[in-house]
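See structure below.
None of these values were measured; they are calculated from a predicted model.
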2 protein chains.
Amino acid sequence: MKKRQVPEGAVTRLCDYLRVLTVLERRGQEKVASEEIGSWAGVKASQVRKDLSYFGEFGRRGMGYEVAGLRGHIQDILGVRRQRPTIVIGAGNLGSALARYTGFSAHGFQIVAIYDTDLGRVGQYLGSLMIEPLQALPTAVSRLKVEIALLTVPETAAQQVADFVIAQGVKAIVNFAPVLLSVPSDVNLRNVDLARELETLCFYLPGNEFLDLPPAAPDTES
Amino acid sequence: MKKRQVPEGAVTRLCDYLRVLTVLERRGQEKVASEEIGSWAGVKASQVRKDLSYFGEFGRRGMGYEVAGLRGHIQDILGVRRQRPTIVIGAGNLGSALARYTGFSAHGFQIVAIYDTDLGRVGQYLGSLMIEPLQALPTAVSRLKVEIALLTVPETAAQQVADFVIAQGVKAIVNFAPVLLSVPSDVNLRNVDLARELETLCFYLPGNEFLDLPPAAPDTES
DNA sequence: TAGATTGTTAATCGATTAACAATC
DNA sequence: TAGATTGTTAATCGATTAACAATC
């Protein structure tokens, strides 16, 4: 009964296809084949078609896909055609940078507020946004129907702040603290853990003796 | 012959286990079983043991693992026991935040320089680091033996800057621009694409009609 | 010794890829 | 029509999980 309908990999690849289509559309290209999408996104053509097939039939046999049309369909699937109000919690280095970043709206995410508990920061402006006290969050969440929060608080505060934000009804969290948060199953959590990215990268650096070594020293039987 | 020795998933989970062990060690716990590591990291105990088994035997049957010892072994596997000199390219909002962030060194990564092409920014200080012109990069890379670069440049410049950095001998790149870069196979690339995280999250938001829908409308045969 | 827990093998599960009939 | 390319089924591949002998 608990059958995973769509592999998560398919969803993240959809985002890649969206990027490809955006570039092609900007170039004025009108048609595209799964082969071409795949080569841009770094996956096989059959993977592209399979991923799309989870959601419907968007192409025409022999003809390929219409660039603008497919792009719109993928936006609909991801739910990013309309702007989503999004908040940032924590106005430190990273939170401030995110609040000032203007590029999210091109993808359907509008930063509508930023919060901090440090009263020394509250009241300061980041671009056009004023840093608000965390207590002001509940009213804003319900008024603006905020579903997504970016968590850029210190790791020691992350779990506590996450609990608070979830209690206000936020349904999706991107956590930037290098800690493993626990959240209810109906809340979606994604971790953007830069330390982990770096550690993973480090593993694959040339010279790592653990890389490529046979798993269990295939011994000649003695 | 081209057999993937270690699944990438195992490497990223190793980072999670490292976090768990760091917490346990801080608490003063000396022994730990795969069961406990797994429950903290959100994976099965057999997954933990399997992941570790790619690299050696680190536990004692009946006894579990020594917390400090296993932590050290994982650090060695990932290659994060020593500090790695790391550079930031692009001193915009995000790059500046990363350069000021002091938390990386706890994970083995020391930001040693930050670069920008904008001469208006060059010369300014971010914490103790002065923003340098991109032309100064080659000497620094060879002198400091930099292997890792964080790329926080506009998407239009990302590929070009990546090519340049790679030409100087950098072997690992974390790209923050929402574009798909192409790099030689001996260079390791990881993408931290916040727009993609948000899009993926958005897909799983309640109310998405494409979520959980049967793949191909199981029709009663007519 | 009896109980616990590892390391590893074998079974299961799920995702990717290849192949091909459908059809533009 | 012949050529192209989809959507989908079946085959392959790889990763996760269960099971268990080894052993502390």
Side-chain angles (χ1 to χ4, degrees), chain A residues 1-14 16-17 21 24 29-67 69-70 73-74 77 213-219 221, chain B residues 1-14 16-17 21 24 29-67 69-70 73-74 77 213-219 221:
Chain A
M1 190 82 198
K2 187 67 175 295
K3 203 174 271 182
R4 175 86 90 63
Q5 288 296 25
V6 179
E8 168 161 335
V11 179
T12 61
R13 284 190 297 269
L14 237 40
D16 293 338
Y17 307 155
L21 292 166
L24 295 181
Q29 185 173 330
E30 293 189 352
K31 300 266 184 197
V32 65
S34 58
E35 193 65 56
E36 188 178 2
I37 297 174
S39 80
W40 281 92
V43 302
K44 293 251 153 62
S46 55
Q47 177 85 82
V48 174
R49 297 199 299 277
K50 182 74 174 158
D51 288 340
L52 293 173
S53 76
Y54 292 116
F55 305 105
E57 305 189 2
F58 306 111
R60 294 219 302 172
R61 288 161 200 245
M63 306 269 88
Y65 305 86
E66 209 219 315
V67 171
L70 184 56
H73 283 303
I74 293 180
I77 294 165
L213 224 63
D219 217 340
E221 68 175 24
Chain B
M1 192 78 201
K2 187 66 174 298
K3 204 174 272 185
R4 174 87 90 63
Q5 288 298 25
V6 179
E8 170 161 332
V11 179
T12 60
R13 284 189 298 268
L14 240 38
D16 294 339
Y17 305 156
L21 293 165
L24 295 181
Q29 185 172 330
E30 294 189 351
K31 300 267 185 196
V32 66
S34 59
E35 192 65 54
E36 188 178 2
I37 298 174
S39 80
W40 282 93
V43 302
K44 292 251 154 60
S46 56
Q47 178 85 81
V48 174
R49 297 200 300 276
K50 181 75 174 156
D51 288 341
L52 293 172
S53 77
Y54 292 117
F55 305 104
E57 306 188 1
F58 305 112
R60 294 219 301 172
R61 289 162 200 242
M63 306 269 88
Y65 305 86
E66 209 218 317
V67 172
L70 183 57
H73 282 304
I74 294 180
I77 294 164
L213 223 64
D219 217 339
E221 69 176 22

Ignoring hydrogens, what is the shortest heavy-atom contact between B:Leu14 and B:Ile74? Give both atom names and the distance.
O-CG2, 3.7 Å
Scoring nucleotides 19-24 of chain D by protein non-hydrogen atoms under 4.0 Å (B base, S sugar-phosphate only, - none) yields B-BBBB
Taking pairs as Watson-Crick (N1-N3 plus N6-O4 or O6-N4) or G-U wobble (N1-O2 and O6-N3), each distance under 3.5 Å, the stems of three or more consecutive pairs with DNA chain D are C:3-24 with D:3-24
Spacing between A:Glu66 atom CD and D:dT6 atom P, to the nearest angstrom:
14 Å
C:dT6 C1' sits how many Å from B:Phe58 CZ, rounded?
13 Å
CG of A:Leu52 to OH of A:Tyr17, rounded to nearest 0.5 Å, is 7.0 Å
Examine C:dG7: is either OP1 or OP2 under 4.0 Å from a nitrogen or oxygen in the side chain of B:Tyr65? Give yes or no.
yes
Mind checking what makes salt bridge (Lys or Arg N to Asp or Glu O under 4.0 Å) contact with A:Arg13, not counting sequence neighbours?
A:Asp51
With the threshold set at under 4.0 Å for non-hydrogen atoms, list the residues of residues 30-44 of chain A touching DNA chain C in residue-number order.
A:Lys44
Could you tell me if the side chain of A:Ile77 sits less than 4.5 Å from the side chain of A:Tyr54, heavy atoms only?
no
Between CD of A:Glu8 and C1' of D:dA15 the distance, given in whole Å, is 16 Å
Take atom CZ of A:Phe55 and atom C1' of D:dT6, then tell me their distance rounded to the nearest Å.
18 Å
Taking all heavy atoms of A:Val67 and all of A:Leu21, pick out the closest pair and write down the distance.
CG1-O, 3.7 Å
With A:Lys31 via side chain to side chain contact (heavy atoms under 4.5 Å, CB included) - residues at least two apart
none
Tightest non-hydrogen contact, residues A:Ala41 and A:Asp16, listed as CB-CB, 4.4 Å
Here's a test of your reading of the structure: between A:Asp51 and B:Ala45, which maps to the more 5' nucleotide of DNA chain C?
B:Ala45
Under the side chain to side chain donor-acceptor pair (under 3.5 Å) rule, what pairs show up with a residue in residues 32-42 of chain B, not counting sequence neighbours?
B:Gln29-B:Glu36, B:Ser34-B:Arg49
Measure the distance from CD on B:Gln47 to P on C:dG7 and round it to the nearest whole Å.
15 Å
Please report, rounded to the nearest Å, how far the C1' atom of C:dT5 is from the CG atom of B:Leu70.
14 Å
B:Glu57 has an atom CD; how far is it from atom P of C:dT9, in whole Å?
11 Å
